[in-house]
Amino acid sequence: AQKITQTQPGMFVQEKEAVTLDCTYDTSDQSYGLFWYKQPSSGEMIFLIYQGSYDEQNATEGRYSLNFQKARKSANLVISASQLGDSAMYFCAMREGLTGGFKTIFGAGTRLFVKA
Amino acid sequence: DTAVSQTPKYLVTQMGNDKSIKCEQNLGHDTMYWYKQDSKKFLKIMFSYNNKELIINETVPNRFSPKSPDKAHLNLHINSLELGDSAVYFCASSQDAGGLIGELFFGEGSRLTVL
């Protein structure tokens with residue numbers, strides 16, 4: 001069963017606007033971590049933001065914030081004030097604390113296009 | 001100073017050949033990984049080592065053999081290469097201690113093309 005689901009294969013956003021990339025996950029663990037990574041066209045994988053399952057506050061890192069809704073098992077990434085350099089693939093990922101060992105699993109990704 | 005470095009960045013080879021990819025991290029992390037990214041950009045874990053011990057071995061053909069000589073190095077050897085092995089192979093590392101879950105630090109990837 002798919003544990004990380006990203007339902008948007010591609011998204012367009014106008015420069016300077018905000019965009020939300022969706023991610024839902026499936027786990028029976030109480031302890032887990034959720035991550036977002038960015039992969040620009042150059043190919044490297046860049047860590048953006050982390051949310052722990054016990055964190056009560058939504059994580060924020062600069063223009064990135066993670067909208068964590070535990071009951072809905074969703075961990076959407078919000079990018080505010082989009083820039084042309086935000087055009088990239090974005091991956092949601094999860095590691096389960098107790099049963100997941102050291103395995104981080106990834107969603108299929110969302111390709112974001114920022115329009116000038 | 002690159003945190004996670006992989007060599008080579010590009011490999012082009014014929015079917016049936018054997019190739020190796022090397023990875024080194026200077027972050028002092030305990031855990032290292034190999035991920036495979038296919039042409040559709042899907043990332044799948046292959047192997048993980050924690051302090052030189054193999055802890056994750058996904059359903060990967062026996063032709064793939066990882067080796068970790070020490071906790072800073074993780075190599076991947078592939079025998080009898082097939083067309084379907086063409087992909088980008090990422091090395092990554094993480095530090096998981098005290099119950100905290102660490103993010104992955106990725107190398108730049110090694111693009112393998114099998115002709």
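Residue numbering restarts at 1 for every chain, and letters A, B, ... go by the order of the sequence lines.
Linking ILVMFWY side-chain heavy atoms closer than 4.5 Å, directly or via other members, places B/W34 and B/F90 in two distinct hydrophobic clusters. The hydrophobic clustering, which links ILVMFWY residues whose side-chain heavy atoms are closer than 4.5 Å, places A/L34 and A/I79 together. By the rule that hydrophobic residues join a cluster once side-chain heavy atoms approach within less than 4.5 Å of another member, B/L54 and B/I78 end up as members of one cluster.
Heavy-atom neighbours of A/E44 CD from other residues, nucleotides or ligands within 6.0 Å: above the threshold of 12. Other residues, nucleotides and ligands contribute more than 12 heavy atoms inside 6.0 Å of the NZ atom of A/K70. Applying the 6.0 Å contact sphere to CG of B/N62 captures no more than 12 heavy atoms from other residues, nucleotides or ligands. Within 6.0 Å of NZ on B/K71 lie more than 12 heavy atoms contributed by other residues, nucleotides or ligands. Residue B/E108 places its CD atom among 12 or fewer non-hydrogen atoms of other residues, nucleotides or ligands, all under 6.0 Å distant. For B/K52, the NZ atom counts as loosely surrounded, since its 6.0 Å shell holds 12 or fewer non-hydrogen atoms of other residues, nucleotides or ligands.
If you tally non-hydrogen atom pairs under 4.5 Å between each of B/K40, B/K44, B/R111, B/E58 and chain A, the highest count goes to B/E58.
Among pairs with a residue in residues 72-82 of chain B, those fulfilling salt bridge (charged side-chain N to carboxylate O under 4.0 Å, His left out) read B/R63-B/E82, at least two apart in sequence or across chains.
Contact annotation for A/Y32: only backbone heavy atoms (N, CA, C, O) come within less than 4.5 Å of a heavy atom of chain B. Proximity to chain A is limited to the side chain of B/I45, based on heavy atoms less than 4.5 angstrom apart. Only the side chain of A/M89 comes within less than 4.5 Å of a heavy atom in chain B; its backbone stays farther off.
Note that CE of A/M45 is 6.5 Å distant from CD of B/Q37, once rounded to the nearest 0.5 Å.
A distance-only check finds no donor-acceptor pair linking the side chain of A/R95 to the backbone of B/E103 [under 3.5 Å].
Scanning both residues, A/F106 and B/L43, for their nearest heavy atoms gives CD2-CD1, 3.9 Å. What you find for B/Y35 and A/T104 is that their closest heavy atoms are OH-O, 2.5 Å.
For the pair A/F35/B/L104, no side-chain contact is recorded, criterion being any heavy-atom separation below 4.5 Å from C-beta on.
Chain B is approached within less than 4.5 Å, heavy atom to heavy atom, by no residue from residues 55-65 of chain A.
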